[in-house]
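A note on names: the letters A, B, ... follow the listed sequences, proteins ahead of strands, and every chain is numbered from 1.
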Protein chains: 4
Amino acid sequence: MITGAVAGPERTPAPVRRHDPERRDRLVDVAIEVIAEHGVAGTTHRRIAAAADVPLGSLTYHFTGLEDLRAQAFTRHAARMAAVYESHFAGVRTREELLDAVTDLVHGNAGADDRDWAVAYELHLAALRDPALREVTETWMRASRAVLERIVDPVTARGVDGLIEGLVMHKILSTGEPRREETRQIVARVLDVR
Amino acid sequence: MITGAVAGPERTPAPVRRHDPERRDRLVDVAIEVIAEHGVAGTTHRRIAAAADVPLGSLTYHFTGLEDLRAQAFTRHAARMAAVYESHFAGVRTREELLDAVTDLVHGNAGADDRDWAVAYELHLAALRDPALREVTETWMRASRAVLERIVDPVTARGVDGLIEGLVMHKILSTGEPRREETRQIVARVLDVR
Amino acid sequence: MITGAVAGPERTPAPVRRHDPERRDRLVDVAIEVIAEHGVAGTTHRRIAAAADVPLGSLTYHFTGLEDLRAQAFTRHAARMAAVYESHFAGVRTREELLDAVTDLVHGNAGADDRDWAVAYELHLAALRDPALREVTETWMRASRAVLERIVDPVTARGVDGLIEGLVMHKILSTGEPRREETRQIVARVLDVR
Amino acid sequence: MITGAVAGPERTPAPVRRHDPERRDRLVDVAIEVIAEHGVAGTTHRRIAAAADVPLGSLTYHFTGLEDLRAQAFTRHAARMAAVYESHFAGVRTREELLDAVTDLVHGNAGADDRDWAVAYELHLAALRDPALREVTETWMRASRAVLERIVDPVTARGVDGLIEGLVMHKILSTGEPRREETRQIVARVLDVR
DNA sequence: AATGAATGAGTATTCATTCAT
DNA sequence: TATGAATGAATACTCATTCAT
């Protein structure tokens, strides 16, 4: 016996959806993905809504505006990146161990891939023009330095942090993958190991 | 020997050139300025036209489109930055001299200021998604390395180049200016000086 | 005789009324305030809800829609303005007394200030396009005339009523306050006093 | 012989339009009409564009924004209304002639109909909240008074002007047309005729 | 050759209203 | 009963690009 399905003439195609707790939360994650994919400039309400499979109005319901959502996305991303740093260097005690850990980080073996770094650079650039985001980048930078300063002195920490930033950016930009051994050699010098 | 009238492929039928013959050229410069001021995302035909005090139609007359103009602006900027590198390191012979030169570069005493670096980061990020710009960044990066490789080995060159990139970015992002002596100390290690 | 429980058509099954039992009533007042502040065009569910410190859903719960609420707000305002007329002219018997009373009304010494008149004009204009509101304005206008006709003939009543309308509007629009003595002089002529 | 008209497969449905000088000018007129029809609140870009049979983008090309267009529409309307006053009272010399002229004006026999007055009231209300429009209303009001002051003293001018305003508004709001003779009688008193 | 007008696609945002809870 | 989430239509506005002049 066939149940229901009596085709009335103007049956609407199922309104569905509705009641989606955590949507707000999910939207922030989707926004991060869209930034990774299309850059800040290409991050539009429409694109996020489409990626999250959510109606357009939902975005401005949950967030004051695109700027608001963007800021939250960046804040979350920075927090995650800081957590990656934190946990990646958690067991490191000596400069020798740090050397391997930093090399791993640069080469993507630490929980943050090119995509994540790309978002980070988007954040950096956005922060250059938006003071509100400066706070996010500064908090993040302070956290990173603090992690490194558990093992090395502040000057070295600043050097390593800067080196990571630059090497990763060049790695992302280059077509050819740089050799791990070379990276290790450079990091070793900044760390004054050997 | 007749100097003029060398029949090149695009011989125009007596140019006449109403006035403002270097407008095309000037527009590229203005575009760089607008990118510095408003970022790639905020760089529109209208904004450039206004900044150059030129009618809107003039932009699409001289350039295929915005993308075209942007690419030319980035190309020119990269060439200029490469020239800054080139001339800044021109007289440098020893690692000791290089140490000072690099420190100067990072601290803005080399012909490239924060504004210039900001455009460079805009380019980096744009190149991440536009293969056409990848060529520009790679050419530039190769040129930078070549300059450094006149003085140090390739691995060190890559390290110094990356360190400059990272330190400058962090300097631009930070509110407080980092101390020159610290920078020098870090660079010294990568250069293996002292 | 039992006072309560008169079985009217809409006998509710023991109201219970959680709290804020006069919310509905209060919302109408808040709506009037919002109209005064932002005009009909700027009177939105959200704005009223915010001004009343009430959840958004509360508005559509208590009222069929915005139009409904607006109509009720205007109706109440017109009733209040009519009451102001009524009580302001209550003790007036002679044309001489009326002359002072009208002058006072125009100059805001009668319980209705510029803000109230602004809402009145919003109503007038809205009524121009919404027949439902026409009823409100006509009832109000009839009431006003009736008040005046207790003292003067219908033609004079219509004249005075019109004059009040026009003088108040010009007073509201003008930057400089008109002189009371002038107003009095004009009103005197329409009333044929002196 | 059949000329042209060789039907290619993807013939677009005629782009037409283009080159429409005076469009800007025409848009201001259309805006006035839309305000008359739908009120300020209902005057949207879309509505004006549709009424003028012009693409949406054309509006923001010619005007800074809706506010700009609205202001220009009101300014033009006020100028026209002032011109109506001016020419309507041009030949008037005596108070007796003025009496007839004012009565005609109120009853719509002077080149300004209900529709025009409705726009005027829209302007009044808009001016209440927008200082920029205050200038328009004040200029207009000054012009009206100046016209009347050629015939009567300033106080009387202010009274007549106010009376016209009020009587016209009530006439527009009322369903039944008031009797001309009554209007004349009231105006006569303010003018102190007979 | 040069440009101002024109246009259609796309942007963020606001909002009245519906509805599951 | 009351409400916060949800949604789709509508809003003003921006813009790259086209094109008649």
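- Checked against F/dT18, F/dG8, F/dA12, the side chain of A/P55 finds its nearest nucleotide in F/dG8.
- Per the geometry, OH belonging to B/Y61 stands 17 Å off P belonging to F/dC19, to the nearest Å.
- Minimum atom distance to the side chain of D/L66 is reached by F/dC13, of the listed F/dC13, E/dT13, E/dA16.
- Comparing C/A41 and D/S58 along DNA chain E, the residue whose closest nucleotide (by nearest heavy atom) sits nearer the 5' end is D/S58.
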Subject >> Secondary-structure string, 5' to 3', Watson-Crick or G-U under 3.5 Å, | for another-strand partners, for DNA chain E >> reply: .||||||||||||||||||||
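- Ring centroids of D/Y121 and D/H124 are separated by less than 6.0 Å, placing the two rings close together.
- The shortest non-hydrogen separation linking B/A49 to B/L59 is N-CD1, 3.9 Å.
- Rounded to whole Å, the distance from CG on A/L59 to C1' on F/dA5 is 14 Å.
- Across all strands shown, C/T60 has heavy atoms under 4.0 Å from base atoms, whether or not it also approaches the sugar-phosphate.
- For the pair A/I48 CD1 and E/dA12 P, the computed distance is 8 Å after rounding to whole Å.
- Going from atom CG of A/L69 over to atom C1' of E/dT11 covers 15 Å, rounded to whole Å.
- Ion pairing between a basic and an acidic side chain is recognised when a charged N comes within 4.0 Å of a carboxylate O; A/D25 and A/R76 show such pairing.
- At a cut-off of 3.5 angstrom, the base of E/dA16 holds at least one donor-acceptor pair with the side chain of C/R46.
- Nearest nucleotide to the A/H62 side chain, out of F/dA6, E/dA6, E/dA12: F/dA6.
- The side chain of D/H45 sits closest to F/dA12 out of F/dA12, F/dC15, F/dG4.
- Residue B/G65 is classed as a sugar-phosphate contact, given heavy-atom separations below 4.0 Å to backbone atoms only.
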